[in-house]
Amino acid sequence: MKEILEAIQSQDATSQDFAALKLPESYRGVTVHKDETEMFAGLETREKDPRKSLHLDDVPLPELGPGEALVAVMASSVNYNSVWTSIFEPLSTFGFLERYGRVSELTKRHDLPYHVIGSDLAGVVLRTGPGVNAWNPGDEVVAHCLSVELESSDGHNDTMLDPEQRIWGFETNFGGLAEIALVKSNQLMPKPDHLSWEEAAAPGLVNSTAYRQLVSRNGAAMKQGDNVLIWGASGGLGSYATQFALAGGATPICVVSSPEKAEICRNMGAEAVIDRNAEGYKFWKDERTQDPKEWKRFGKRIREFTGGEDIDIVFEHPGRETFGASVFVTRKGGTITTCASTSGYMHEYDNRYLWMSLKRIIGSHFANYREAWEANRLIAKGKIHPTLSKVYSLEETGQAAYDVHRNLHQGKVGVLALAPEEGLGVRNHEMRAQHLDAINRFRNI
Ligand SMILES: C/C=C/C(=O)SCCNC(=O)CCNC(=O)[C@H](O)C(C)(C)COP(=O)(O)OP(=O)(O)OC[C@H]1O[C@@H](n2cnc3c(N)ncnc32)[C@H](O)[C@@H]1OP(=O)(O)O
Ligand SMILES: NC(=O)C1=CN([C@@H]2O[C@H](COP(=O)(O)OP(=O)(O)OC[C@H]3O[C@@H](n4cnc5c(N)ncnc54)[C@H](OP(=O)(O)O)[C@@H]3O)[C@@H](O)[C@H]2O)C=CC1
């Protein structure tokens, strides 16, 4: 591993030098263990502690298959899917690995008693498998997390529709919270060269997801002038949705839960910011009954910001707690686009407000390769910026996931893998200098 790191840091190692490097037999990766999936049985979701279930283990290097690449991971980031994995909700991810393992001889590699997790990385290609021509050892890359087989016609218009669509590092093994990761080569994209490793690793999953959900024609197809209600606007997804709304000439109406988070949204350029905590919205009277009066109070508040207009697009992900309000505040003909249900997946809303006002609910999940590429291109061009707040070591990943689980974080939380310190990997200093304030906007808040 030392030689790999030296080659990466030397900056003059050639592709041949990288190809000649001896690969280690094992590497360190953040795992959950199959024999621990019941460890939190009986506990409330909130009480399930990722620090107890996430381990840093030495694991054998997987065999490299056709169309795949082994990547030296310099940095990764924590996504909420890793929180779900670590608390074994809504399902243990070992079921996904078992199912994937049944697909072919090659996919059997993924079905192991441990799961190396993580769905983001920035690093350097070490080896490519047969059939990979577009990428070479030594290439500096980020990886998006869409894993597809593409053997069915279903995925050939939109790869997210492939019946064998999986999220790498969640529904597959050998993820990015590790020193080495195994990816399909069509997950690779160029690393934005004005960013450090940890900054480059931060946007991937959430930026691509927000791009499809809000901007792409597969999602809400946002246009100039749209009023976009963004829940968790300074969180992982929301911090990118807010930037897309602003960059695309829309008006974000940002919802957050503290004055600090409200300030971050204003610093990004948003003017309409609602502190849901300070304003005390209680959309549910009790566990079973919603309160339409609170939906109306929320809608009135939005109208104060918009000069009386209602919401064109709701960027939804909290789920059960907010969905009734989201459907209500959407304008006639507007769109609620949802990619998650953090607070509960059995949603309730008053359907009269949906059908009588011709609203649409769109389900959205990650992004296809093209969408992920377009989202990464916007980062590389400095049009959209990483929202990295805090960086942890690989050993501290449990704490990093705990912070995200408890909503103690801002934007994205980074994890250093092989990178010995923060700030390395920047190749275009001039461009970086132009965007430094925006790149650092979320740091250490
Ligand atoms: C990029 C980052 C993303 C995120 O962070 S997303 C947030 C984290 N992710 C999640 O929380 C999602 C976790 N995943 C799940 O909860 C589950 O993954 C799903 C609920 C999405 C699906 O569950 P499953 O068990 O895979 O599927 P089933 O449909 O419940 O069961 C499969 C069986 O149901 C049969 N079936 C499917 N559709 C039909 C139908 N229309 N009519 C009759 N049967 C059907 C199948 O054939 C199969 O059957 P047979 O078990 O016998 O093989
Ligand atoms: N399908 C897909 O492709 C993807 C799905 N996801 C899912 O989306 C969800 C959010 O992910 P991510 O943005 O990275 O997570 P974060 O925790 O970084 O951000 C989510 C934000 O949502 C807000 N929030 C949380 N709970 C509630 C609630 N009950 N009511 C209102 N607001 C709430 C919080 O902001 P505040 O407290 O400031 O209001 C929080 O910071 C997760 O469930 C994740 O698994 C994520 C990426 C891709």
Side-chain angles (χ1 to χ4, degrees), residues 45-46 77-93 95-96 98-100 102 117-120 144-147 160 163 165-171 175 202-213 219 229-242 254-265 273-279 281-284 298 315-326 337-346 363-368 371-372 387 389 400-401 403-413 442:
T45 297
R46 192 184 149 74
S77 87
V78 174
N79 283 295
Y80 215 101
N81 64 350
S82 292
V83 174
W84 294 121
T85 303
S86 72
I87 61 173
F88 309 105
E89 285 194 22
L91 302 165
S92 151
T93 49
F96 303 144
E98 284 164 19
R99 194 179 287 183
Y100 192 29
R102 290 195 289 270
I117 64 168
S119 302
D120 271 320
H144 70 74
C145 62
L146 169 63
S147 167
M160 281 306 294
Q165 180 275 321
R166 290 179 173 80
I167 298 299
W168 161 70
F170 179 65
E171 292 157 306
L205 183 148
V206 284
N207 184 43
S208 309
T209 305
Y211 183 83
R212 179 181 176 110
Q213 187 176 350
L229 179 68
I230 302 173
W231 292 104
S234 72
L237 288 167
S239 57
Y240 294 89
T242 300
C254 296
V255 187
V256 291
S257 64
S258 72
E260 293 75 32
K261 291 181 173 190
E263 192 55 26
I264 292 177
C265 293
V273 185
I274 296 175
D275 180 341
R276 65 183 170 100
N277 208 16
E279 297 186 19
Y281 296 105
K282 277 193 76 179
F283 299 130
W284 290 82
F298 184 56
F315 187 82
E316 245 293 338
H317 51 90
R320 182 168 175 83
E321 202 154 311
T322 54
F323 207 82
S326 291
T337 170
T338 173
C339 75
S341 293
T342 312
S343 65
Y345 49 75
M346 287 301 188
S364 192
H365 187 39
F366 189 60
N368 62 37
E371 289 161 339
T387 61
S389 57
D403 288 2
V404 175
H405 183 30
R406 287 295 182 96
N407 199 15
L408 302 170
H409 68 300
Q410 324 281 354
K412 289 289 301 174
V413 175
F442 281 67

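All ligand and atom numbering here is 1-based and tracks the order in the structure.
Among Arg320, Glu321, Arg276, the residue whose heavy atom sits closest to atom 31 (C) of ligand 2 is Arg276. Residue Leu91 holds the heavy atom nearest to atom 15 (C) of ligand 1 of all those in Leu91, Leu146, Val83, Thr93. One option in Ala210, Cys254, Ser257 has a heavy atom closer to atom 37 (O) of ligand 2 than any other, and that option is Ser257.
A donor-acceptor pair is defined here as one N or O able to donate and one able to accept, closer than 3.5 Å; no such pair exists between the side chain of His409 and the backbone of Ala400. Within the 3.5 Å criterion, the main-chain N or O of Pro318 finds a donor-acceptor partner in the side chain of Ser343. In terms of modelled atom types and a separation under 3.5 Å, the side chain of Arg212 and the main chain of Gly219 share no donor-acceptor contact. Of the possible donor and acceptor atoms, none in the side chain of Lys412 sits under 3.5 Å from a partner among the backbone N and O of Ser389. Judged by distance alone, the side chain of Arg46 and the main-chain N or O of His405 form no donor-acceptor pair under 3.5 Å.
Contact annotation: for Tyr80 versus ligand 1, there are no heavy atoms closer than 4.0 Å. If you look at Ile167 next to ligand 2, there are no close heavy atoms at all, none under 4.0 Å. Proximity of Leu205 to ligand 1, defined as any heavy-atom pair under 4.0 Å, is confined to the side chain (atoms from C-beta onward). For Thr209, every heavy-atom contact with ligand 2 shorter than 4.0 Å involves the side chain, none the backbone. Only side-chain heavy atoms of Lys261 come within less than 4.0 Å of ligand 2; its backbone N, CA, C and O stay farther off. Here Lys412 has no heavy atoms under 4.0 Å from ligand 2, in either its backbone or its side chain. For Val83, no heavy-atom contact with ligand 2 is shorter than 4.0 Å. Within the 4.0 Å heavy-atom criterion, both parts of Cys339, backbone and side chain, lie near ligand 2. For Pro318, every heavy-atom contact with ligand 2 shorter than 4.0 Å involves the side chain, none the backbone. The proximity of Leu205 to ligand 2, defined as any non-hydrogen pair under 4.0 Å, is limited to the side chain.
An N or O contact shorter than 3.5 Å links Trp84 to ligand 2 by distance. Considering backbone and side-chain atoms alike, Thr342 places an N or O below 3.5 Å from some N or O of ligand 2. For the pair Trp84 and ligand 1, the shortest N or O to N or O distance does not fall below 3.5 Å. The shortest N or O to N or O distance between Ala340 and ligand 2 is not under 3.5 Å. Of the N or O atoms in Val206, none lie within a sub-3.5 Å distance of an N or O in ligand 2. Between His365 and ligand 2, at least one pair of N/O atoms sits closer than 3.5 Å. In terms of polar-atom proximity, defined here as any N/O pair under 3.5 Å, Gly236 does make such a contact with ligand 2.
Defined by atom type and a distance below 3.5 Å, a donor-acceptor pair is present between the side-chain atoms of Glu316 and Thr322.
At least one heavy atom of Asn407 sits closer than 4.0 Å to an atom of ligand 2. Between Arg99 and ligand 1 there is a heavy-atom distance shorter than 4.0 Å.
Taken from NZ in Lys282 to CZ in Arg276, the straight-line distance is 13.5 Å, to the nearest 0.5 Å. Taking SG from Cys339 and CD from Gln213, the interatomic distance works out to 4.0 Å, rounded to the nearest 0.5 Å.
Residue Thr322 approaches ligand 2 through these ligand atoms, each under 4.0 Å from one of its heavy atoms: 30 (N), 31 (C). Close contacts between ligand 2 and Gly232 involve ligand atoms 21 (C), 22 (O), 23 (C), 35 (O) [criterion: under 4.0 Å to a heavy atom]. The Pro90 neighbourhood of ligand 1 comprises atoms 11 (O), 13 (C), 16 (O), with distances under 4.0 Å to a heavy atom of that residue. Near Phe170, the atoms of ligand 1 lying under 4.0 angstrom from a non-hydrogen atom of the residue are 8 (C), 9 (N). The ligand atoms of ligand 2 that sit less than 4.0 angstrom from a heavy atom of Phe366 are 2 (C), 3 (O). Those atoms of ligand 1 with a heavy atom of His365 less than 4.0 angstrom away are 3 (C). Listed by number with element, the atoms of ligand 2 under 4.0 Å from a non-hydrogen atom of Val256 are 38 (O), 39 (O). Numbered from 1 in the order shown, with element, the atoms of ligand 2 that lie under 4.0 Å from a heavy atom of His409 read 16 (P), 17 (O), 18 (O). Numbered from 1 in the order shown, with element, the atoms of ligand 2 that lie under 4.0 Å from a heavy atom of Ser343 read 29 (N). Within the listing of ligand 1, atoms 13 (C), 14 (N), 18 (O) sit less than 4.0 angstrom from a heavy atom of Phe96. Against a heavy-atom cut-off of under 4.0 Å, Gly235 is close to the following atoms of ligand 2: 18 (O), 19 (O).
The nearest protein atom to atom 5 (O) of ligand 1, hydrogens excluded, is given as Asn81 CB, 3.5 Å; this is a heavy-atom distance. Of the protein's non-hydrogen atoms, the one nearest atom 13 (O) of ligand 2 is Leu237 N, 2.8 Å. The nearest protein atom to atom 22 (O) of ligand 2, hydrogens excluded, is given as His317 CE1, 3.3 Å; this is a heavy-atom distance. Among protein heavy atoms, atom 44 (C) of ligand 2 sits closest to Tyr80 CB, 3.4 Å.
Distances from atom 33 (C) of ligand 1 to the protein include no heavy-atom value under 4.0 Å. Checking atom 28 (P) of ligand 1 against the protein gives no heavy-atom contact under 4.0 Å. Remark: atom 3 (C) of ligand 1 lies closer than 4.0 Å to at least one protein heavy atom. By the definition of a contact as any protein heavy atom under 4.0 Å away, atom 43 (C) of ligand 1 is not in contact. Not a single protein heavy atom sits closer than 4.0 Å to atom 23 (O) of ligand 1. Proximity of atom 9 (N) of ligand 1 to the protein is indicated by at least one non-hydrogen atom lying closer than 4.0 angstrom. Put simply, atom 53 (O) of ligand 1 has no protein non-hydrogen atoms near it, under 4.0 Å away.
The two residues Leu205 and Ser119 have their closest heavy-atom pair at CD1-CB, 3.6 Å.
You'll find the side chain of Ile274 reaches within 4.5 Å of the side chain of Phe298, heavy atoms only. Arg166 places none of its side-chain heavy atoms less than 4.5 Å from the side chain of Phe96. By the 4.5 Å heavy-atom criterion applied to side chains, Asn79 and Phe170 are not counted as neighbours. Using a 4.5 Å heavy-atom threshold, the side chains of Val273 and Glu263 count as separate. Between Asn81 and Phe366 the shortest side-chain heavy-atom distance does not fall below 4.5 Å. With a 4.5 Å cut-off on side-chain heavy atoms, Ser364 and Thr209 do not count as touching.
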For this session: Please report the C-alpha distance between Asn407 and Lys261 in whole Å, then the side-chain angles of each, then the deciding distance to 0.1 Å, and finally whether the side chain to side chain donor-acceptor pair (under 3.5 Å) criterion is met.
Result: CA-CA 11 Å; Asn407 199 15; Lys261 291 181 173 190; 3.2 Å; yes
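A tilted orientation is assigned to the rings of Tyr80 and Trp84, their planes being inclined by 30° to 60°.
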